[in-house]
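Here's the structure, in structure tokens; my notes come after.
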Amino acid sequence: MAVPVLRSGNLTETLDFYRTLGYTVTHEQTRPYAYGAVQANGCAVHFAAAPAGTELPAEQVGCLIMLDDVAERHRAFTAALRKRYGKVPAKGCPRITRFRPGQSRFSVVDPVGNTIIYIQRDEPEEVEYGGSRELDGLARVVDNARILRDFKNDDTAAIRVLEVGLGRFGAQASTLDKARALAALVELAVATGNAERAATARAELRVIALSDTERAAVAADLSAATDLADRLAETD
């Protein structure tokens with residue numbers, strides 16, 4: 001059994017954060033050195049101070065945790081964070097990344113900058129990281145943007161891919177593919193704080209004639225954008 005040991009930072013603050021998420025503190029000491037441990041569902045995470053003189057990045061991936069119920073865990077964490085902080089932290093430290101239907105992973109960044117990635121245990125071993133050979137044109141672009149957004153947490157790159165894709169394929173793309181690209185762009189613009197681009201993409205989307213079935217297909221993206229906007233408003 002391997003047990004990850006992450007940076008402790010302010011140990012009291014760190015352990016309190018994990019208590020908020022539902023972890024049980026199983027060890028806490030300040031002498032002769034700071035060290036702590038938490039556990040939930042049989043999975044332990046330990047915390048220790050970085051070696052003296054060590055310069056570490058402000059944020060870094062600490063470990064992966066495999067789950068059978070990643071969507072439920074995100075829901076529980078989100079509810080706990082909202083109760084503790086009065087909001088769901090979406091930027092800075094601590095924060096939790098957004099989770100959309102169909103995703104198989106999300107990340108939590110603690111007050112120290114440790115990142116834990118929670119992954120659905122039965123996530124395919126060979127994840128298609130964008131550019132599926134079964135897709136082409138704008139549909140393939142949307143797939144690439146999804147991977148950048150959901151797996152690599154690179155919203156800026158996802159926006160760039162969608163903007164270029166819409167310029168290149170938008171004129172000949174199906175109405176549904178164009179609507180899906182614009183809906184994804186709305187959410188990403190909200191996530192990066194570009195309210196003007198979000199409004200422009202919404203306006204472009206409103207003039208596209210969609211059937212009820214097609215409109216339902218993009219509803220999840222628009223709902224995610226609205227939910228994210230509400231979360232970010234809470235942090236201001």
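Just so it is clear, the model here is predicted, and its values are computed rather than measured. Along the sequence shown, residues are numbered consecutively beginning with 1.
Hydrophobic clustering (side-chain heavy atoms under 4.5 Å, transitive across Ile, Leu, Val, Met, Phe, Trp, Tyr) keeps V112 apart from V61. Put simply, L21 and L64 are part of two different groups of oily side chains (I, L, V, M, F, W, Y) that touch within less than 4.5 Å, one to the next. M66 and I117 fall within a single hydrophobic cluster, where Ile, Leu, Val, Met, Phe, Trp and Tyr are joined by side-chain heavy atoms under 4.5 Å apart, directly or via other members.
Closest non-hydrogen pair, V70 versus Q103, comes out as CG1-O, 4.4 Å. Shown here for C93 and D110, the closest heavy-atom pair between the two residues is CB-O, 3.6 Å. The two residues V5 and A48 make their nearest non-hydrogen contact at CG1-CB, 3.8 Å. The two residues P111 and P94 have their closest heavy-atom pair at N-CB, 3.9 Å. Shortest non-hydrogen contact noted between P4 and A2 is CD-O, 3.9 Å. When all heavy atoms of F99 and R105 are compared, the closest pair comes out as CD1-O, 3.8 Å.
Relative orientation of the Y85 and F17 rings is tilted, given thresholds of 30° and 60° on the angle between their planes. Ring planes of Y18 and Y23: perpendicular class, angle over 60° (limits at 30 and 60°).
Here R146 contributes atom CZ and L188 contributes atom CG; the two are 13.0 Å apart, rounded to the nearest 0.5 Å. Here CZ of R95 is found 12.5 Å from CG of L81. Values are rounded to the nearest 0.5 Å. Considering CD1 of I96 and CZ of F106, their distance stands at 5.0 Å, rounded to 0.5 Å. The structure places CD of Q60 at 8.0 Å from CG of L6, a figure rounded to the nearest 0.5 Å. Separating the OH atom in Y118 from the OG atom in S104 is a distance of 15.5 Å, to the nearest 0.5 Å. Note: L15 CG to T20 OG1 = 11.0 Å, rounded to the nearest 0.5 Å.
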Considering only distance and modelled atom types, tabulate donor-acceptor pairs under 3.5 Å from the side chains of residues 159-179, sequence neighbours left out.
unit_1, atom_1, unit_2, atom_2, d
E163, OE1, R197, NH2, 3.3
E163, OE2, R197, NE, 2.7
S174, OG, D177, N, 3.1
S174, OG, D177, OD2, 3.3

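Without hydrogens or angle criteria, Q29 side chain to Y33 main chain gives a donor-acceptor distance under 3.5 Å. Panel note: side chain N114, backbone R7; a donor-acceptor pair is recorded below 3.5 Å. In this structure, T14 contributes its side chain and S8 its backbone to a donor-acceptor pair below 3.5 Å. When atom types are taken as modelled, the side chain of S211 and the backbone of E214 share a donor-acceptor pair closer than 3.5 angstrom.
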Trace of the side-chain contact (heavy atoms from CB on, under 4.5 Å) decision for D155 with R149: CA-CA 5 Å; D155 290 343; R149 178 193 65 202; 3.8 Å; yes
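Residues passing the salt bridge (Lys or Arg N to Asp or Glu O under 4.0 Å) test with E13: none are found, sequence neighbours excluded.
Contact of the Y35 side chain with the H27 side chain is registered, since non-hydrogen atoms from C-beta on lie closer than 4.5 Å.
Shown here is E72, whose CD atom has more than 12 heavy atoms of other residues, nucleotides or ligands within 6.0 Å.
For the side chain to side chain contact (heavy atoms under 4.5 Å, CB included) with I65, the lone residue among V45, V108, N41, I119 that qualifies is V45.
Residue pairs that meet the salt bridge (charged side-chain N to carboxylate O under 4.0 Å, His left out) test with at least one member in residues 42-52, sequence neighbours left out, do not exist here.
With salt bridges taken as basic N to acidic carboxylate O contacts below 4.0 Å, none links R215 and D212. Looking at D69 and R73, a side-chain N of the basic residue comes within less than 4.0 Å of a carboxylate O on the acidic one, giving a salt bridge.
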